[in-house]
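Just so it is clear, the structure is predicted and the values come from calculations on it, not from any experiment.
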Amino acid sequence: MSWRDAVQPALRMLLQPETRLDPHLEMLRLGAEHENIEADGIVVTLALGGALVTGTLVSTDTWERLHLRRLGDHDDTLRRVVRHAVGHLDEAAEKRRRPREIDNRFLHLQDVTYRSGRTTHTLPTWRGPISAVSGWTLGEPDED
């Protein structure tokens with residue numbers, strides 16, 4: 001997909017003020033999903049229910065690949081089952097001659113730091129509902 005393919009969804013977001021999604025955050029999500037947009041390396045910090053989640057935005061495909069790899073570290077059979085199911089979705093999308101639809105309800109991050117109070121955890125990947133984000137900023141918080 002080209003950057004022009006991302007323009008229409010972005011315009012729809014900006015022109016629908018009744019939507020509950022933040023159009024600027026949605027544009028970042030769209031950028032991460034389109035391979036022709038230089039959205040690599042964009043770090044965001046999300047406020048979610050009193051916690052801060054910081055990480056690098058990645059596409060659904062990248063997140064799925066990383067997720068499957070981690071599943072395989074625990075159970076190769078489970079990884080094969082999930083990969084087979086995802087393969088069926090990809091095949092169905094190819095038969096329709098268009099890419100599999102991306103579920104726009106979720107944000108995907110990698111190299112994540114989760115902060116809640118004085119507790120900090122690092123995670124390899126994170127997937128969360130965009131509707132749960134109560135605030136966000138580019139970059140990460142300073143270490144205090």
Taken to the nearest 0.5 Å, the spacing of R29 CZ from L57 CG works out to 10.0 Å
Here the gap from L28 atom CG to I42 atom CD1, rounded to the nearest 0.5 Å, amounts to 5.5 Å
The complete set of side chain to side chain donor-acceptor pair (under 3.5 Å) pairs with one or both residues in residues 127-136, sequence neighbours excluded, reads D22-W136, H108-R127
Might you work through the side chain to side chain contact (heavy atoms under 4.5 Å, CB included) test for L48 and V133, ending with a clear yes or no?
CA-CA 5 Å; L48 296 145; V133 175; 3.9 Å; yes
Interatomic distance, OG1@T125 vs NE2@H67, rounded to 0.5 Å, equals 7.5 Å
Separation between CG (L123) and CG (L109), nearest 0.5 Å, reads 10.0 Å
Let me see the working for E26 and N104 under side chain to side chain contact (heavy atoms under 4.5 Å, CB included), right down to the final yes or no.
CA-CA 9 Å; E26 178 62 9; N104 63 3; 4.3 Å; yes
Suppose the criterion is side chain to side chain donor-acceptor pair (under 3.5 Å): which pairs have a residue in residues 112-122, not counting sequence neighbours?
T54-R115, R115-E143
Quick one: closest heavy-atom pair of T56 and G41, and the distance?
CG2-CA, 3.8 Å
Membership question, hydrophobic clusters at under 4.5 Å side-chain separation (ILVMFWY): are L25 and V43 in the same one?
no
Taking transitive links into account, so neighbours of neighbours count too, which hydrophobic residues share a cluster with L66 at under 4.5 Å side-chain distance?
none
Check for me, please, whether W126 and L138 land in the same ILVMFWY cluster - side-chain distances under 4.5 Å, paths through other members count.
yes
Is it the case that one hydrophobic cluster holds both V44 and L107, taking links as side-chain heavy atoms less than 4.5 Å apart, direct or via other members?
yes
